[in-house]
Amino acid sequence: MEEMQNSGRPYNKLISQEETTEDEPHLPSNQENQGMKNQRENNKLSENNIVRDISGEISKLQASYDAAVQIRDEVKKQLAMEISEQQVIKWEHEHQTLKVKDYEKQVEMLQVDIASLKSHLPMIKEGCRHCLPGWTFMSSSCYYFPFSDTFYRTSWNEARQFCRRQGGDLAIVNNREKFLTINQDLSRQASQSGFWIGLRDVEEEGVWKWVDGTRLTEGFWNVGEPNNLNNEDCAAVYPKSNPFMSWNDAPCNYNLKWICEMAPRSFG
């Protein structure tokens, strides 16, 4: 019995050790602990390096972004300035274009005036020979036109007295040649005022006579004229684009401009 018990001890001890080995956790040695510690430190260093690298890249990207934003803002500011300058240039161009058009109109008007003066040169030369100063020689007669806007206006009777004091009378426009010649001169005037002519119907309403006593055979009345609207017994011619509609009847006491006519001096 004792031998068996003694002989069983090693077995029990072996079993006990195996059971203890299987049930208890394995404790690492100091060398293993150090290795694991080093591994953790290496991993930590690696992670720190990655974080540092990423932070560096983020910083570079942020700097690039900030620089791009600054460049964008500067470009937008420059673009706004250029757009503003372009608008000013556009306005100035429109202004200059209007000025050019205005100059072109002035040139056209001057050309018309030059042509008119040239056409009047022969009449002026003849007028010096055949008409009083300030009178114009046209269609074998001398005519006086008070064109100036500063020149006073007067009634039909007073206008006739002015013409008669000069040796003439209010104009008698009793043929087509005279009519077109006078209206050609009137068409160059910007005045809206009428010009008395030597025609009226004071003796009998509707019977128009010239100052020399002859009856009107052909008139160049505006549409609806003469209408004797306000006891209108005297005739006046108004500058119009269509000269064949340029006559109106008007009250003889109206203050208008006038046209005088006088026979030319002798050619001798």
Side-chain angles (χ1 to χ4, degrees), residues 109 112-113 116 120 123-124 127 131-139 141-176 178-264:
M109 292 176 62
V112 171
D113 290 342
S116 175
H120 275 69
M123 292 186 293
I124 293 172
C131 303
L132 296 174
W135 291 61
T136 303
F137 184 72
M138 300 184 303
S139 300
S141 294
C142 297
Y143 293 93
Y144 178 81
F145 299 88
F147 281 142
S148 174
D149 286 334
T150 60
F151 208 91
Y152 70 94
R153 294 166 174 78
T154 188
S155 66
W156 189 93
N157 285 321
E158 290 177 348
R160 187 180 187 191
Q161 291 176 16
F162 174 91
C163 297
R164 298 185 73 173
R165 285 196 299 268
Q166 305 298 316
D169 209 333
L170 286 172
I172 297 175
V173 193
N174 57 1
N175 62 58
R176 187 174 184 274
K178 280 186 175 183
F179 167 74
L180 291 177
T181 299
I182 289 174
N183 276 278
Q184 182 180 2
D185 238 44
L186 291 179
S187 65
R188 288 189 287 269
Q189 307 305 313
S191 173
Q192 298 299 314
S193 173
F195 292 76
W196 292 124
I197 55 177
L199 182 67
R200 57 182 179 170
D201 66 345
V202 292
E203 295 178 358
E204 182 181 350
E205 181 60 37
V207 179
W208 292 87
K209 292 184 179 181
W210 296 105
V211 288
D212 64 357
T214 59
R215 290 186 62 168
L216 173 69
T217 56
E218 181 183 8
F220 304 98
W221 302 102
N222 197 359
V223 177
E225 302 289 341
N227 55 18
N228 195 38
L229 185 61
N230 296 305
N231 192 27
E232 300 171 334
D233 293 328
C234 292
V237 57
Y238 288 78
K240 289 186 177 295
S241 57
N242 183 355
F244 291 91
M245 300 170 60
S246 59
W247 288 8
N248 278 30
D249 59 342
C252 298
N253 61 354
Y254 268 22
N255 292 327
L256 300 177
K257 296 182 180 182
W258 63 93
I259 304 172
C260 297
E261 181 181 3
M262 182 170 56

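Only this structure's heavy atoms are used, side chains among them; waters, hydrogens and symmetry mates stay out. Model, not experiment: these values are computed from the prediction.
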Minimum side-chain heavy-atom gap [X]-[Y] below 4.5 Å:
X      : Y      : value
Leu170 : Cys163 : yes
Trp135 : Gln166 : yes
Glu261 : Val173 : no
Asn227 : Asp249 : yes
Trp208 : Pro226 : yes
Pro243 : Phe220 : no
Asp233 : Asn228 : yes
Asn222 : Ser246 : no

- Message: Using side chain to side chain contact (heavy atoms under 4.5 Å, CB included), reason through Met262 and Leu132 one step at a time and then give a plain yes or no.
- Response: CA-CA 9 Å; Met262 182 170 56; Leu132 296 174; 3.6 Å; yes

Value rounded to 0.5 Å, distance of [atom1] in [X] from [atom2] in [Y]:
X      : Y      : atom1 : atom2 : answer
Asp169 : Ile259 : CG    : CD1   : 13.0 Å
Asn253 : Glu158 : CG    : CD    : 10.0 Å
Leu216 : Asp201 : CG    : CG    : 10.0 Å
Trp156 : Ile197 : CH2   : CD1   : 10.0 Å
Cys142 : Phe137 : SG    : CZ    : 6.5 Å
Met245 : Glu225 : CE    : CD    : 10.0 Å

- Item | Partners meeting ring pair (Phe, Tyr, Trp, His ring centres under 6.0 Å) with Tyr143 (sequence neighbours left out) |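 Checked Tyr143 against ring pair (Phe, Tyr, Trp, His ring centres under 6.0 Å); zero matches.
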
- Check: Phe244 main-chain N/O paired with Asn242 side-chain donor or acceptor under 3.5 Å: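 Checked: pair present.
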
- Query: Parallel, tilted or perpendicular for Trp221 and Trp247, by the 30°/60° rule?
  - Reply: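 Correct class here is perpendicular.
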
- Query: With no hydrogens and no angle check, do the side chains of Asn157 and Ser155 hold a donor and an acceptor under 3.5 Å apart?
  - Reply: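 Looking only at side-chain atoms, Ser155 and Asn157 do not form any donor-acceptor pair under 3.5 Å.
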
- Heavy-atom pair of closest approach, residues Ala250 and Tyr254: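 Minimum heavy-atom separation between Ala250 and Tyr254: CB-CD2, 4.3 Å.
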
- Heavy-atom closest pair, residues Glu232 and Pro251: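 Minimum heavy-atom separation between Glu232 and Pro251: CG-CD, 3.4 Å.
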
- Decide if the gap between the ring center of Trp258 and the ring center of Phe195 is smaller than 6.0 angstrom.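 Ring centres of Phe195 and Trp258 not closer than 6.0 Å.
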
- Query: Given the rule in the side chain to side chain contact (heavy atoms under 4.5 Å, CB included) test, do Arg165 and Arg160 qualify, once you have shown the distances and angles that lead to the verdict?
  - Reply: CA-CA 9 Å; Arg165 285 196 299 268; Arg160 187 180 187 191; over 6 Å; no

- Query: What residues form a salt bridge (Lys or Arg N to Asp or Glu O under 4.0 Å) with Glu203, not counting sequence neighbours?
  - Reply: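 By the salt bridge (Lys or Arg N to Asp or Glu O under 4.0 Å) rule, Glu203 matches Lys209.
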
